[in-house]
Amino acid sequence: MREATAEGRFLFVANQACLDFVNTEVMRHGQPADLLEGFGSLAAWLAESGLVPAEDAMEAARRWEGSGKGRHVHAKALELRGRLRAMAEALARGEPVPSSSVEAINEALRWTLGPMEVAAAEDGFELRQRTELQEPEQLLGPIAEQAAELLCGTERALVRRCENPGCILYFLDTSRNRSRRWCSMEACGNRAKVAAHYRRQRDRRG
Ligand SMILES: [Zn+2]
């Protein structure tokens with residue numbers, strides 16, 4: 001599991017790419033902060049998450065960053081992320097997933113990076129996806145596919161929200177005894193431990 005990129009720009013703590021996408025909205029010093037500032041950072045996130053081959057993501061950034069189309073797709077990505085956050089929240093609480101989330105996933109599922117193809121591999125053949133980007137909207141396809149996979153699979157029961165009330169990150173609890181409580185031990189786990197330690201000390205004194 002990667003904790004963060006070399007630049008520390010994005011977090012990859014969720015064990016699931018759709019939740020990592022939701023986690024591009026974070027709390028910093030008690031304020032919400034958006035790590036997807038524009039089309040370029042959307043392309044960078046897609047490359048770092050591995051959902052889009054890095055060279056294709058960079059090519060997309062060169063073609064559409066700063067353009068009207070790029071701004072449009074960036075706005076659509078943020079809208080989709082909001083719907084996926086609502087889905088994650090519902091799953092974490094064991095509540096019904098809003099139909100608006102399902103609609104947003106279905107809308108984005110119309111897009112794909114390109115056609116599937118069979119290609120020669122080391123010991124036979126492999127089925128893989130070719131990337132043929134004609135429109136920037138295609139970049140939303142792989143995010144929707146990850147969301148659909150999460151929603152339709154059994155792992156949907158493992159979605160958790162970090163227990164730090166000041167944190168808004170989601171993750172898939174794949175720990176063996178289903179006991180993961182924090183987005184990361186470093187960020188929120190230790191803080192909670194320290195707070196509990198001081199509380200105990202204070203109680204002992206009092
Ligand atoms: Zn957290």
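Counting starts at 1 for both ligands and their atoms, following the listed order. One is the number of the first residue; the rest follow in order along the sequence.
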Using the rule that two of Ile, Leu, Val, Met, Phe, Trp, Tyr join whenever any of their side-chain heavy atoms come within less than 4.5 Å, decide whether [X] and [Y] are in one cluster.
X      : Y     : result
Tyr170 : Leu91 : yes
Leu46  : Leu35 : yes
Met58  : Phe39 : no

Next item on the list: Just jot down the side-chain hydrogen bond (donor to acceptor under 3.5 Å, both in side chains) partners of Ser100, sequence neighbours excluded, or say none.
Entry: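 Expected list: none.
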Margin query: Tell me every residue that passes side-chain hydrogen bond (donor to acceptor under 3.5 Å, both in side chains) with Glu163, counting only those two or more places apart in sequence or in another chain.
Written below: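 Only Arg181 meet the side-chain hydrogen bond (donor to acceptor under 3.5 Å, both in side chains) criterion with Glu163.
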Next item on the list: Show which residues join Met116 in its hydrophobic cluster (side-chain heavy-atom contacts under 4.5 Å, direct or indirect), or state none.
Entry: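 Grouped by the 4.5 Å side-chain rule, Val118, Phe125, Leu127 form the rest of the cluster around Met116.
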Checklist line | Under-2.8 Å protein N/O/S neighbours of the Zn ion (ligand 1), ordered by chain then residue number | finding: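 Near the Zn ion (ligand 1), the protein supplies Cys162 SG, Cys167 SG, Cys183 SG, Cys188 SG.
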